[in-house]
Amino acid sequence: MAASLSTGLDVHFAIPQSDTKRPIFFTRRKFTIYCNSSKSSSKPPQNPPVKRTPSLSEQLQPLSTTTLPKKDQAGLLSKPKSTWVNPTKPKRSVLSLQRQTRSPYAYNPKVRELKLFANKLSDCDNSEEAFLSVLEEIPLEPTRENALLILNSLKPWQKTHLFFNWIKTKNLFPMETIFYNVTMKSLRFGRQFELIEELANEMVSNEIPLDNITYSTIITCAKRCNLFDKAVEWFERMYKTGLMPDEVTYSAVLDVYAKLGKAEEVVSLYERGVASGWKPDPIAFSVLAKMYGEAGDYDGIRYVLQEMKSLGVRPNLVVYNTLLEAMGKAGKPGLARSLFQELLESGLTPNEKTLTSLAKIYGKARWAKDALELWEEMKSKNWPMDFILYNTLLTMCADIGLVEEAEQLFMDMKKSQHCRPDSWSYTAMLKIYGSGGNVGKAMEFFEEMSEVGVELNVMGTTCLIQCLGKAGRIDELVKVFSVSVEHGIKPDDRLCGCLLSVVSRCESRADVDKVLACLHRANPRLVGFVKLIEEEVYCLDTVKEEFKGIISDTKDDARRPFCNCLIDICLSKNLNERAHDLLYLGTLYGLYPGLYNKTADEWSLDVRSLSVGAAQTALEEWMGTLAKTIKHEEALPLLFSAQTGTGTHKFSQGLSNSFASHLKKLAAPFRQSEEKAGCFVAKREDLVPWLQSRLQT
């Protein structure tokens with residue numbers, strides 16, 4: 001029996017274009033050819049031709065590449081272009097848009113003349129009358145190709161729009177999708193979304209097909225104009241038509257969903273795109289990283305890193321910068337440090353934004369060693385510095401207490417031509433000297449600011465007042481406050497809290513009255529409350545109502561410091577019972593979440609966010625509650641702990657030391673934990689007898 005050979009051939013056929021508004025696609029018919037070594041031949045089976053849906057790549061071909069004259073199409077079919085494929089280059093995504101084939105008019109010798117005319121149109125007056133006057137001088141007949149070249153060469157969006165409308169009124173040839181796309185792209189530069197949407201609706205009314213480029217332009221323009229709901233609306237319309245988004249559109253819509261806070265939609269769209277063949281670009285991963293970072297979602301950030309590695313996407317500097325910002329917001333300095341090392345190992349050079357993000361992270365985490373290493377590496381490698389980075393490094397030094405490094409940075413800024421110290425630079429120095437108690441240096445910088453014409457801001461005033469208050473230099477404090485207010489400084493809640501803190505430390509009534517006079521200019525109601533809790537006739541209900549009103553009018557981040565300072569003021573005047581009342585009110589209104597914690601094996605007190613006086617009051621309150629528990633013979637855990645934390649700042653006041661002294665004064669059986677710094681522990685068999693002895697006294 002003779003051996004036979006069969007093979008399948010794919011043959012492309014061009015569909016004749018009967019409608020200029022419809023894009024041309026190529027269909028494939030499959031035939032089977034049978035070869036037999038014998039002279040006799042058997043009839044091949046009569047299989048019907050298999051219909052195949054055009055591939056995604058074919059569907060995404062821009063309309064402009066398929067509207068060439070038929071002779072050019074025949075040329076393309078008869079002489080296919082040979083393409084060399086680089087085996088080391090990743091395969092292009094199926095969703096990548098193919099570049100538009102160069103139109104025949106690009107070789108037209110009259111092109112230069114038409115472009116010069118387009119420049120003349122661009123330079124004329126913006127009025128319609130002036131524009132039409134210049135149009136009368138058009139050197140060549142406005143054929144389809146000539147009109148498209150001029151339209152594509154106009155720069156101001158107003159001129160593009162005028163010329164487009166003029167073409168329509170002439171009715172010289174059918175308006176195709178490509179004319180609308182070119183016009184829309186010009187309008188997008190001018191952020192003219194309303195005009196773009198009008199054109200899109202006009203296309204729909206005139207049955208002119210909107211292709212992938214059309215939708216992409218509409219969506220990205222809506223995004224640029226912060227019309228996120230419109231971007232989503234047109235994206236959904238695009239999906240209903242059956243068109244698949246390209247890389248740019250996917251990334252844009254991901255960003256839109258992220259800005260709208262629709263995290264689930266972001267993840268769903270990302271997974272749907274990947275499943276359909278889309279290979280996310282670095283921009284898409286930047287969007288995901290930013291979204292997870294702003295939410296403080298560490299697991300989400302790890303997911304982004306894993307996805308990039310699994311898909312073989314190499315991060316660029318923009319992605320690394322976004323990821324570093326995300327690490328900072330998620331509170332992951334260790335991961336940020338590892339990511340920075342990965343950036344360096346990849347051969348990239350960090351820019352000012354990279355270093356600024358890392359400096360903020362190290363400063364917030366109080367990682368002095370890593371901050372110093374970063375600073376030394378920046379100097380040795382001569383990495384770029386800008387104004388924001390200088391100020392960020394100064395702030396980092398202030399957060400950690402690096403005095404010498406801050407002074408060197410400040411001198412470098414003074415010598416620089418483009419990064420001279422500003423208000424925030426001086427504020428950082430005031431914070432450094434204020435935290436260290438160097439009143440002389442702090443006042444020197446305050447005077448220098450006036451001499452060089454740098455305006456003091458409210459943060460600088462707060463740092464200086466805090467410094468003077470700790471040193472007990474109340475007269476100078478009053479002077480600084482008065483000068484600041486006269487120069488337009490509006491005291492905020494943080495400055496008011498600082499003045500309250502100074503009141504709690506004042507030893508004489510005269511000094512208290514001076515500071516309260518300053519506070520009265522900023523917050524009269526707060527001064528009234530201080531006097532209310534000092535009165536001999538004391539009513540808890542009245543205090544409770546007034547306290548609620550003050551806290552309601554105070555910003556969230558200043559509420560707990562206010563309560564801490566008010567408790568300290570009570571203790572400074574030996575009003576211990578009223579201090580306990582204020583702690584109760586603070587707990588009642590949610591200022592101290594997590595203060596008391598219980599598990600089956602351990603009960604704990606967490607005073608890390610309290611002042612020294614408030615922490616002592618909380619300890620006494622806790623001991624009183626435990627004593628009642630013992631009296632009622634209720635079950636107790638084996639272990640008790642009190643957490644004060646460890647001040648990582650070089651000049652921290654040391655809540656842990658003060659708390660330890662208070663425990664020693666009470667002779668309480670709490671001991672410093674050997675495993676965890678800033679944690680004091682006591683066993684049940686030691687604590688119960690001590691509490692029972694206090695009940696008997």
Side-chain angles (χ1 to χ4, degrees), residues 20-21 62-65 67-69 100-227 230-231 234:
T20 56
K21 298 178 183 178
L63 184 61
S64 56
T65 65
T67 55
L68 299 174
Q100 182 172 327
T101 306
R102 186 180 293 273
S103 179
Y105 65 71
Y107 305 102
N108 191 328
K110 299 292 185 179
V111 165
R112 185 173 181 275
E113 189 176 359
L114 289 170
K115 286 191 174 181
L116 288 173
F117 178 70
N119 292 337
K120 189 174 182 180
L121 283 174
S122 298
D123 296 336
C124 77
D125 190 75
N126 282 332
S127 67
E128 185 175 355
E129 182 180 354
F131 188 79
L132 293 175
S133 176
V134 176
L135 271 175
E136 293 178 359
E137 304 172 15
I138 188 168
L140 298 171
E141 181 184 353
T143 62
R144 175 190 180 279
E145 287 76 14
N146 292 343
L148 188 58
L149 188 145
I150 294 173
L151 187 68
N152 203 32
S153 301
L154 293 171
K155 294 300 179 184
W157 64 265
Q158 296 92 338
K159 303 296 176 59
T160 306
H161 193 228
L162 284 171
F163 186 71
F164 177 74
N165 288 334
W166 180 78
I167 295 172
K168 288 193 296 183
T169 59
K170 291 296 180 181
N171 198 25
L172 298 173
F173 43 81
M175 295 303 295
E176 304 171 19
T177 306
I178 189 171
F179 285 90
Y180 282 90
N181 287 348
V182 172
T183 305
M184 286 182 179
K185 284 186 176 181
S186 180
L187 293 172
R188 182 175 62 183
F189 279 111
R191 299 178 184 270
Q192 300 298 310
F193 179 77
E194 290 184 4
L195 290 177
I196 287 179
E197 193 170 41
E198 284 180 14
L199 291 180
N201 291 327
E202 181 181 305
M203 293 176 73
V204 174
S205 299
N206 296 335
E207 297 184 355
I208 299 173
L210 283 70
D211 65 4
N212 197 282
I213 295 176
T214 316
Y215 281 107
S216 178
T217 306
I218 298 170
I219 293 166
T220 52
C221 182
K223 175 179 172 289
R224 291 183 187 182
C225 297
N226 295 324
L227 300 172
K230 279 290 184 181
W234 279 97

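Along the sequence shown, residues are numbered consecutively beginning with 1. Every heavy atom of this structure was used, including side-chain atoms; hydrogens, water molecules and symmetry mates were not.
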Listed by chain and number, what are the side chain to side chain donor-acceptor pair (under 3.5 Å) partners of Ser153, not counting sequence neighbours?
none
Just how far is it from atom CD1 of Ile178 to atom CG of Asn152, taken to the nearest 0.5 Å?
8.0 Å
Tell me, please, which residues at least two apart from Asn171 pass side-chain contact (heavy atoms from CB on, under 4.5 Å).
none
Can you tell me if Asn201 uses its side chain to pair, donor with acceptor, with the backbone of Glu197 under 3.5 Å?
yes
Not counting sequence neighbours, list each pair that qualifies as a salt bridge (charged side-chain N to carboxylate O under 4.0 Å, His left out) and has a residue in residues 212-224.
Lys223-Asp255
I'd like to check the side chain to side chain donor-acceptor pair (under 3.5 Å) partners of Asp125; sequence neighbours left out, ordered by chain and number.
Ser127
Can you measure from OG (Ser186) to CG (Asn181) and round to the nearest 0.5 angstrom?
12.5 Å
Contacts of Gln158 that satisfy side chain to side chain donor-acceptor pair (under 3.5 Å) - sequence neighbours left out
none
Going by salt bridge (Lys or Arg N to Asp or Glu O under 4.0 Å), name the residues that satisfy it together with Lys185, two or more places apart in sequence or in a different chain.
none
Which value, rounded to the nearest 0.5 Å, describes the distance between Asn165 atom CG and Thr160 atom OG1?
11.0 Å
Pairing residues for Glu128 by the side-chain contact (heavy atoms from CB on, under 4.5 Å) criterion, not counting sequence neighbours
Leu132, Leu162
Give me the atom names and distance for the closest heavy-atom approach of Ser122 to Lys155.
OG-N, 3.5 Å
Looking at side-chain heavy atoms only, is the closest gap between Ile167 and Leu172 below 4.5 Å?
no
Say you draw a straight line from CZ of Phe163 to CD1 of Ile150; how long is it, rounded to the nearest 0.5 Å?
4.0 Å
Restricting to side chain to side chain donor-acceptor pair (under 3.5 Å), what partner residues turn up for Thr183, sequence neighbours left out?
none
Which pair of heavy atoms, one from Thr220 and one from Arg188, lies closest together, and at what distance?
OG1-NH1, 2.8 Å
Between CD1 on residue Ile218 and CG on residue Leu187, distance to nearest 0.5 Å
11.0 Å
Can you list, pair by pair, the side-chain donor-acceptor contacts under 3.5 Å of residues 136-143, counting residues two or more places apart and other chains?
| from | atom 1 | to | atom 2 | distance (Å) |
| --- | --- | --- | --- | --- |
| Glu137 | OE1 | Lys120 | NZ | 2.4 |
| Thr143 | OG1 | Asn146 | N | 3.3 |
| Thr143 | OG1 | Asn146 | ND2 | 3.3 |

What I want to check is whether the side chains of Thr177 and Asp211 have a donor and an acceptor closer together than 3.5 Å.
no
In this structure, CH2 of Trp234 is separated from OG1 of Thr214 (nearest 0.5 Å) by 9.5 Å
If you define the side chain from C-beta out and look only at heavy atoms, does anything of Ile208 sit under 4.5 Å from Glu176?
no
Would you please test Met184 and Met203 for side chain to side chain contact (heavy atoms under 4.5 Å, CB included) and show each step?
CA-CA 12 Å; Met184 286 182 179; Met203 293 176 73; 3.9 Å; yes
Give me each pair satisfying ring pair (Phe, Tyr, Trp, His ring centres under 6.0 Å) with a member in residues 175-197, each pair once, sequence neighbours excluded.
Phe164-Tyr180, Phe173-Phe179
Flag side-chain contact, heavy atom, 4.5 Å: Cys124 against Lys159
yes
Quick note, salt bridge (charged side-chain N to carboxylate O under 4.0 Å, His left out) partners involving residues 161-170, not counting sequence neighbours, are Lys168-Glu202
Filter on ring pair (Phe, Tyr, Trp, His ring centres under 6.0 Å), then keep only pairs touching residues 110-161, sequence neighbours left out; what's left?
none
